[in-house]
*Asks:* 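Shown below is the structure under consideration.
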Amino acid sequence: MDVKECRKRVEDWLIPLVCVLVLFGAAGVWFDFYYDLNDDVLIKDIVSGVYTGTPESRNVQMLWPLGAFLALLYRILPGVPVLGGFLWLCQAGSIYCIVHCSLRFAVSVPGKWFLGLTETAAVGSMLFYHLVFVQYTVTSGLLMTAAVVCFFTCEREDGGWIRKMLPAAGLALLAYLIRSEMMLLLLPLAGVAGIWKWAGERPVFTGRNIVRYAGLFVGILLGMLAAYLADRAAYGSGEWKEFRELFDARTEIYDFKSGDLRSYEKNRAFYDELGLSEAQCALLENYNYGISEKIDGPLLRAISGYGLTTQGYFLHSLKEGLWLYRERLRDNRALGFREMPFLLPEAVLMVLLLLTGLREKRGAVFWQLGLFAAVRSVLWLYLILRERVPERISHPLYFMEIGMLSCLLLCSLAREDETGRGPSGREAGPAEGLPRFPVRPMAAALLAVIALAGLPEEWERTADQYAAREKENELDLAARAYYGEHPDRLYLADVMSTVDFSEKLFAADDGFGNYDLLGGWLCKSPLAQEKLRSFGYDTVQEAVTDAGTFLAGRAGISWDWLEEVLAQQGIRGDVVPVEAVSAGEEEWQIWQFIPAE
């Protein structure tokens with residue numbers, strides 16, 4: 001390797017490293033890294049041993065092979081924030097890969113720095129919030145985007161092609177292990193990128209190309225199948241199998257159906273037929289259904305089936321979905337949409353691609369963009385019709401789309417530089433009657449301006465949320481400290497008034513937690529049962545009515561529903577306040593159920 005080639009490699013590795021350090025350094029200096037949701041914290045508690053006292057491989061949300069690996073690391077490295085470090089490295093590594101792969105399209109060192117810093121600023125303007133508040137679904141989306149960028153920008157060579165594709169395949173499989181649903185949602189777009197790249201080969205249909213592209217796709221599918229089968233085997237025991245069925249029904253009820261399904265008044269005949277009282281239905285509405293043994297897997301599956309009958313699979317008609325899709329494209333703030341940081345760069349990229357196609361008489365760009373638009377529209381309509389478009393899903397989807405369009409533009413410009421011909425082999429030149437658009441400087445100027453323009457708003461949004469999180473977490477930390485002062489007690493918290501918290505990504509764990517929720521997605525799982533048994537209880541109802549268990553929740557909430565449910569079981573008494581836990585102006589209350597004499 002000569003000096004010039006060695007220097008080029010150092011530049012291509014060093015520049016992305018500096019860019020990532022600048023981005024994450026700014027996040028780390030001005031803010032602390034947080035888990036985004038209490039869901040992420042619960043996953044951490046499970047694999048670290050905080051939940052049951054022992055690191056557990058089955059955390060329900062991630063596939064078992066990854067859960068087993070993380071739990072093993074927690075056993076080997078007690079006290080080390082393994083999951084936080086893992087998710088942080090996945091996000092930083094994804095951005096590093098994206099910048100690194102794009103640098104081959106810049107020839108000069110200043111050009112590489114410009115491209116790297118512009119991409120870093122663009123990532124910051126779109127996803128800075130998600131880099132500070134880390135969420136495992138977003139992490140999966142970032143990994144999948146990095147996988148597609150690595151694949152699409154890989155140079156076509158006769159030798160070592162499969163070896164060069166291994167990083168892309170590995171990133172895609174890791175995304176699947178972290179959040180399989182997110183990876184599967186993005187897989188059709190990855191297929192579009194594969195078709196784009198394959199169509200750029202000349203000739204297209206050769207035995208070598210079929211082996212390369214179909215082989216890579218089949219290899220990824222086989223890896224996914226192996227992970228899926230390992231996960232099914234890990235959850236194949238009777239208790240876990242039953243819980244997974246309960247979990248799927250719960251997901252359908254809470255995530256994909258409107259709250260009307262859980263209303264006793266609106267479904268009185270159905271719930272009376274199930275033998276569920278109004279008080280027990282209230283447990284479905286406030287998510288504290290762990291207190292009732294009546295609400296089990298078969299009952300939740302019956303409710304889920306009833307929801308499909310009454311509300312259908314989709315919550316919107318196709319007409320409504322198309323209207324909502326159009327309003328998203330218009331960035332209708334009146335409906336709560338905040339799409340412009342993603343729509344603007346996406347629109348600019350599509351216009352630049354069309355200008356490139358017109359300038360160089362390349363009709364391929366029209367079918368490429370048409371296929372892209374069709375697939376992304378189907379994906380967005382599916383999410384909209386299912387009423388499932390939170391930012392942790394929509395933002396990675398946008399980011400994948402922008403990454404694909406950026407790669408297509410860079411590859412189109414690079415092919416012109418190298419051959420002077422378009423992908424069809426025709427001589428590159430302006431179409432008759434059209435000026436020769438300066439696409440490269442236009443693209444550089446427009447994308448740089450867009451990237452920088454979006455940073456202030458994203459920074460302000462992150463800072464506002466950070467201040468709110470700090471205030472909310474003060475109360476949660478005070479409550480956990482209080483729990484720790486009474487390790488012989490079990491504290492069960494009301495779900496809806498206590499889950500607006502997160503936790504610092506690199507905070508040290510305090511060991512086994514003597515607290516749990518009265519509901520939530522882990523409720524009635526084998527792990528929840530193990531936690532109860534560690535305090536000597538078989539059911540939540542038994543725990544609640546024992547003197548060694550206390551209740552927690554936001555000050556001022558009502559426990560009438562609990563008293564009524566217990567009264568229906570022949571257990572009469574009152575929930576009385578015992579003590580207050582405060583932080584600043586906020587306050588949690590500690591209660592205890594006192595049986596009637």
Side-chain angles (χ1 to χ4, degrees), residues 35 37 39-52 54-76 82-83 86-87 89-90 135-144 147 166 168-188 190 216-256 297 300-301 304 388 392-393 396 520-531:
Y35 291 105
L37 302 173
D39 289 0
D40 305 282
V41 176
L42 183 52
I43 294 171
K44 184 270 298 178
D45 286 348
I46 294 170
V47 296
S48 67
V50 170
Y51 190 76
T52 62
T54 305
E56 299 284 351
S57 60
R58 289 173 285 204
N59 64 57
V60 183
Q61 301 288 2
M62 296 176 175
L63 294 189
W64 177 81
L66 179 58
F69 174 70
L70 293 171
L72 176 62
L73 288 181
Y74 270 109
R75 289 174 182 270
I76 297 173
V82 172
L83 181 61
F86 171 75
L87 293 176
L89 285 173
C90 285
Q135 215 281 324
Y136 73 112
T137 302
V138 176
T139 304
S140 175
L142 286 175
L143 286 166
M144 195 60 182
L166 288 179
L171 289 168
L173 289 175
L174 184 55
Y176 182 69
L177 289 169
I178 291 176
R179 185 61 164 167
S180 57
E181 293 90 342
M182 189 73 236
M183 187 271 191
L184 291 172
L185 175 70
L186 298 178
L187 195 58
L216 176 65
F217 184 69
V218 170
I220 292 174
L221 289 182
L222 289 175
M224 293 168 61
L225 178 62
Y228 173 78
L229 292 176
D231 185 74
R232 287 295 297 267
Y235 291 92
S237 64
E239 282 187 333
W240 276 109
K241 184 177 180 181
E242 182 179 342
F243 171 71
R244 288 294 285 265
E245 292 174 354
L246 179 152
F247 179 84
D248 292 340
R250 180 215 64 87
T251 300
E252 183 69 27
I253 292 168
Y254 284 95
D255 293 350
F256 296 102
L300 289 179
R301 288 196 295 275
S304 174
R388 192 61 177 163
R392 61 183 179 273
I393 294 175
W521 56 262
L522 198 60
C523 176
K524 298 183 182 290
S525 69
L527 295 180
Q529 292 301 115
E530 181 181 341
K531 191 178 189 80

*Asks:* Measuring only between side-chain heavy atoms, which start at C-beta, is Phe69 closer than 4.5 Å to Leu177?
*Replies:* no
*Asks:* If we only count heavy atoms from C-beta on, is the Leu174 to Cys90 side-chain gap below 4.5 Å?
*Replies:* yes
*Asks:* I'd like to know if the side chain of Thr251 reaches the main chain of Phe247, judged simply by a donor and an acceptor atom lying under 3.5 Å from each other, with no hydrogens or angles considered.
*Replies:* yes
*Asks:* Nearest 0.5 angstrom please: Met182 CE to Ile393 CD1, how far?
*Replies:* 6.5 Å
*Asks:* Partners of Arg244 by side chain to side chain donor-acceptor pair (under 3.5 Å), sequence neighbours excluded?
*Replies:* Asp231
*Asks:* Please determine whether the number of non-hydrogen atoms from other residues, nucleotides or ligands lying under 6.0 Å from atom OH of Tyr228 exceeds 12.
*Replies:* no
*Asks:* Measuring only between side-chain heavy atoms, which start at C-beta, is Leu87 closer than 4.5 Å to Tyr35?
*Replies:* yes
*Asks:* Partners of Lys524 by salt bridge (charged side-chain N to carboxylate O under 4.0 Å, His left out), sequence neighbours excluded?
*Replies:* none
*Asks:* Quick one: pull up CG in Leu42 and OH in Tyr51 and give me the separation to the nearest 0.5 Å.
*Replies:* 7.0 Å
*Asks:* Where do Gly236 and Lys241 come nearest, in terms of heavy atoms and distance?
*Replies:* O-CB, 4.2 Å
*Asks:* Are Met62 and Leu70 packed together at the side-chain level, in the sense that at least one heavy-atom pair is separated by less than 4.5 angstrom?
*Replies:* yes
*Asks:* When rounded to the nearest 0.5 angstrom, what distance separates CH2 in Trp521 from CD1 in Ile43?
*Replies:* 5.0 Å
*Asks:* So do Glu239 and Gln529 actually touch side chain to side chain, heavy atoms under 4.5 Å?
*Replies:* no
*Asks:* What class does the angle between the rings of Phe243 and Trp240 fall in, given that below 30° is parallel, 30 to 60° is tilted and above 60° is perpendicular?
*Replies:* perpendicular
*Asks:* Tell me whether Glu181 is salt-bridged to Arg179, with the criterion being a basic N under 4.0 Å from an acidic carboxylate O.
*Replies:* yes
*Asks:* Using side-chain heavy atoms (C-beta onward) and a distance below 4.5 Å, is Leu37 in contact with Arg392?
*Replies:* yes
*Asks:* Specify the closest pair of heavy atoms between Cys523 and Leu246, including all atoms of both residues, with the distance to one decimal.
*Replies:* O-CD2, 4.2 Å
*Asks:* Specify the closest pair of heavy atoms between Leu186 and Gly141, including all atoms of both residues, with the distance to one decimal.
*Replies:* CD1-CA, 3.8 Å
*Asks:* Tell me whether Asp248 contacts the main-chain N or O of Glu245 through its side chain, where contact means a donor paired with an acceptor under 3.5 Å.
*Replies:* no
*Asks:* What closest approach, in Å, do Tyr235 and Asn59 show between heavy atoms, and which atom pair accounts for it?
*Replies:* OH-N, 3.4 Å
*Asks:* Using the rule given for side-chain contact (heavy atoms from CB on, under 4.5 Å), can you reason through Glu252 versus Leu300, listing the C-alpha separation, both sets of side-chain angles and the distance that settles it, and then say yes or no?
*Replies:* CA-CA 9 Å; Glu252 183 69 27; Leu300 289 179; over 6 Å; no
*Asks:* OG1/Thr52 to CG/Asp45 distance, rounded to the nearest 0.5 angstrom?
*Replies:* 10.0 Å
*Asks:* When rounded to the nearest 0.5 angstrom, what is the spacing between CG in Leu527 and CD in Glu530?
*Replies:* 6.5 Å
*Asks:* Can you name the salt bridge (charged side-chain N to carboxylate O under 4.0 Å, His left out) partners of Glu242, sequence neighbours left out?
*Replies:* none
*Asks:* Check Pro55 against Ser48 and note the closest heavy-atom contact, atom names and distance.
*Replies:* CG-O, 3.7 Å
*Asks:* So, taking the atom named CD1 in Ile220 and the one named OH in Tyr176, what distance separates them when rounded to the nearest 0.5 Å?
*Replies:* 12.5 Å
*Asks:* Would you indicate whether the side-chain heavy atoms of Leu187 and Met144 approach each other to under 4.5 Å?
*Replies:* yes
*Asks:* Dump the intermediate steps for side-chain contact (heavy atoms from CB on, under 4.5 Å) on Phe86 and Leu73, then the final yes or no.
*Replies:* CA-CA 11 Å; Phe86 171 75; Leu73 288 181; over 6 Å; no
*Asks:* Is the number of heavy atoms from other residues, nucleotides or ligands under 6.0 Å of Phe256 CZ greater than 12?
*Replies:* yes
*Asks:* So, for Val138 and Pro396, which heavy atoms are closest and what is the spacing to 0.1 Å?
*Replies:* CA-CG, 3.8 Å
*Asks:* In the structure I gave you, are the side-chain heavy atoms of Tyr74 and Lys44 within less than 4.5 Å of one another anywhere?
*Replies:* yes
